[in-house]
Amino acid sequence: MHGIVGEHPSDYDPKAGVLLHSSSGSSVGPIRTALWVLLGAVGFVLLIACANVMNLLLARATGRSKEMALRTALGAERNRIVPSC
């Protein structure tokens, strides 16, 4: 005997066992397709949100391109133009 049953044999029936079965078939089975559709919809919304954030960052960088060109023309160093994180 192993583990807690070996340490406390009087508290446990030696003939007792454990029966494991998957509950996903009984609990998720009828709505499995709906859950996959929901997962796809959530993934699609996340993809749209990431694309929007990327678009906003790109628009901001494009809007500042003239400023960066002017700073470079005036002789600013790279570390003054591109801020470090």
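Sequence positions, counted from 1, serve as the residue numbers for this chain. The figures that follow rest on heavy atoms only: side chains count, while hydrogens, waters and symmetry mates do not.
Sorted by first then second residue, the salt bridge (Lys or Arg N to Asp or Glu O under 4.0 Å) pairs that include residues 35-46, not counting sequence neighbours, number zero.
Partners of Glu77 by side-chain hydrogen bond (donor to acceptor under 3.5 Å, both in side chains), not counting sequence neighbours: none found.
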Got a list of side-chain donor-acceptor pairs under 3.5 Å for residues 57-64, not counting sequence neighbours?
unit_1 : atom_1 : unit_2 : atom_2 : d
Thr62  : OG1    : Leu58  : O      : 2.8
Arg64  : NE     : Glu67  : OE1    : 3.1
Arg64  : NH2    : Glu67  : OE1    : 3.4
Arg64  : NH2    : Glu67  : OE2    : 3.2

